[in-house]
Every structure is written in structure tokens, then in C-alpha cells.
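Just so it is clear, the values below take in all heavy atoms, side chains as well, and ignore hydrogens, waters and symmetry mates. Throughout, residue positions are numbered sequentially from 1 according to the sequence presented.
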Amino acid sequence: MAAGRRAWRLTVPLWGLASLCAAAPPVETPNAEVSIEERIVRYRIFGRSALELAGQMRQHGPEHALGGRRLAGSTDWHVTWSYQSLPRHGRCELISVTVGAEIVTTLPEWSGARVESDLAREWRRFYAGLQRHEAGHVQHGREAALAVRDAMLAATAQPDCKLLRRALDDAARAQLRRYASLTRRYDAETDFGLQQGVQLRP
């Protein structure tokens, strides 16, 4: 019997990798489970003008993973997977898959948004655009977790469990590369949210 676990992180680049071993009872159809946890982290900013608020976000916002510049908001997702396999009838078969995703969105918080003013109205317009943009990244994280599960379930039995582990990990990594590419294309097409209103107007 064999089991494996792999972990990758997408901020846009992928990180990874760990292993574990466990025993599992033989089953005819692989069991599959997906668990997705989503949360929002906020950072506080202060200002009395759009210019000051933009400056605060450039100073305190989350760093872009590739360029190092600061953004108004960001979404990071971390996908992990584990599986169990079993030698049977001269081949190694998959018996269970578990996929987990942690999706963290970082957004600014400005207390002045609660007051009625031209700046507060502009902030609310900007913030709605930022939420809309980050929701696209959140959706990528959700879809990536489901795609990893489906790709692993589609893997065929192999002559031995080492080959099966390699096939499962390759299938999962291919999906993460695909969603990394989709994320980069999404940012390029929306100009990092500018086309969705993610810009404070003076």
C-alpha cells in the first residue's frame, strides 16, 4: 500500500512538496474529497484625499509576487493534495484522493468609507471594483482545487505504485500550471483590475 501528499502554493508562482505514508483498505471506486477554506485579511489605511489613500495603499498594500510592487489588494491560494494507492492484480490502483485549498484575499480598510462624502462615494466605487477583481482570483483557486481532483481521478492504474504516484503528481501539477497561466492572463486582460474600476479618481 502506498500514499502520497503534495503541496503547492500559488501567489502566481508555484511552490511545493511534502510526503507521507499511510495504509488504506482496498476499494473498487476511488473516494474523492475537496475542502476549500476562504478568508479575508484587511490592512488599515488613513487619508483625507484620494491621493493620500492611494499613497497609503502603495505603502502598506500586499506585495505582488512577481514584481515586488505593492497592490491595493491580492488573492493567494494554496492547494494541497493527498492520495492512497494499492497494488492489486499486478497493477497499482488509486483508492482515494483528498484535495484542500486555502484562499486568502487581502483588502484595504478605510474608516472614512462610513461617512457620507464625495471621497467616501469614490472609495466605495473603487472598493467594489477591487472586490470584483479579487473575486476572479478566488474563483481560480476554487476551480484549481476541483481540477486537481478531477485530473487525479482520471489517472489510470500503473504497473507499480511509484509510476502511479508520478502520474498523479504530474496530473495535479499540470492543472496548477494551467490555472497559474489563467491568473496571469486575467490580470493582463483587466490591467490588474484597472478596467474593473480599481483606481481612485481625485
Tell me whether L130 is reachable from L71 by hopping between hydrophobic residues (I, L, V, M, F, W, Y) whose side-chain heavy atoms are closer than 4.5 Å. no
Taking D191 for its side chain and G193 for its backbone only, find out whether a donor-acceptor pair lies under 3.5 Å. no
Heavy-atom pair with the smallest gap, counting every atom of P62 and G73: CG-C, 3.8 Å
Looking at T190 and Y186, would you say the former's side chain and the latter's main chain have a donor-acceptor pair under 3.5 Å? yes
Would I40 end up clustered with I36 when hydrophobic side chains under 4.5 Å apart are linked, directly or stepwise? no
Any donor-acceptor pair under 3.5 Å from W81 side chain to A172 backbone: no
Take the angle between the ring planes of W123 and F126 and call it parallel below 30°, perpendicular above 60°, tilted in between. tilted
Would you indicate whether L194, at its atom CG, is surrounded by more than 12 heavy atoms from other residues, nucleotides or ligands within a distance under 6.0 Å? yes
Heavy atoms of A144 and W77 approach each other most closely as CB-CH2, 3.4 Å
Give the minimum heavy-atom separation between A72 and M57, together with the two atoms involved. CB-SD, 3.7 Å
Would F192 and H133 satisfy ring pair (Phe, Tyr, Trp, His ring centres under 6.0 Å), going step by step from the backbone distance to the final call? CA-CA 8 Å; F192 290 91; H133 179 74; 7.4 Å; no
Donor-acceptor pair, distance only, cut-off 3.5 Å: does the side chain of R70 make one with the backbone of G61? yes
Hydrophobic cluster identity match, L182 and L176, side-chain contacts under 4.5 Å: yes
Any chance you could lay out the salt bridge (Lys or Arg N to Asp or Glu O under 4.0 Å) test for R173 and D170, step after step, and finish with the verdict? CA-CA 5 Å; R173 290 173 187 144; D170 286 349; 3.7 Å; yes
T75 and its side chain to side chain donor-acceptor pair (under 3.5 Å) partner, picked from Q139, E134, H137, H140: E134
Write down the atom of A120, the atom of G112, and the distance for their closest heavy-atom approach. CB-O, 3.7 Å
Can you name the side-chain hydrogen bond (donor to acceptor under 3.5 Å, both in side chains) partners of R124, sequence neighbours left out? E116
Could you go through E33 and T98, starting from their C-alpha distance and side-chain angles, then the distance that decides it, and tell me whether this counts as side-chain hydrogen bond (donor to acceptor under 3.5 Å, both in side chains)? CA-CA 5 Å; E33 181 181 340; T98 302; 4.6 Å; no
Please report the closest heavy-atom contact between D160 and C92, naming both atoms and the distance. C-CB, 3.4 Å
If you take all heavy atoms of I103 and G141, which pair is closest and at what distance? CD1-C, 3.9 Å
Walk me through whether E52 and Q56 qualify under side-chain hydrogen bond (donor to acceptor under 3.5 Å, both in side chains). CA-CA 6 Å; E52 289 180 354; Q56 286 270 296; over 6 Å; no
State whether R184 and D187 are salt-bridged, where the test is any N-O pair (Lys NZ or Arg NE/NH1/NH2 against Asp/Glu carboxylate O) under 4.0 Å. no
Throw together a table of side-chain donor-acceptor distances under 3.5 angstrom for residues 148-158, partners on residues two or more places apart or in other chains.
residue : atom : partner : partner atom : Å
Q158    : NE2  : T156    : O            : 3.3

If two hydrophobic side chains count as joined below 4.5 Å and joins carry through other members, does L163 share a cluster with L94? no
Would you say Y43 ends up clustered with F46 if hydrophobic residues are merged whenever their side chains have heavy atoms under 4.5 Å apart, either directly or through other cluster members? no
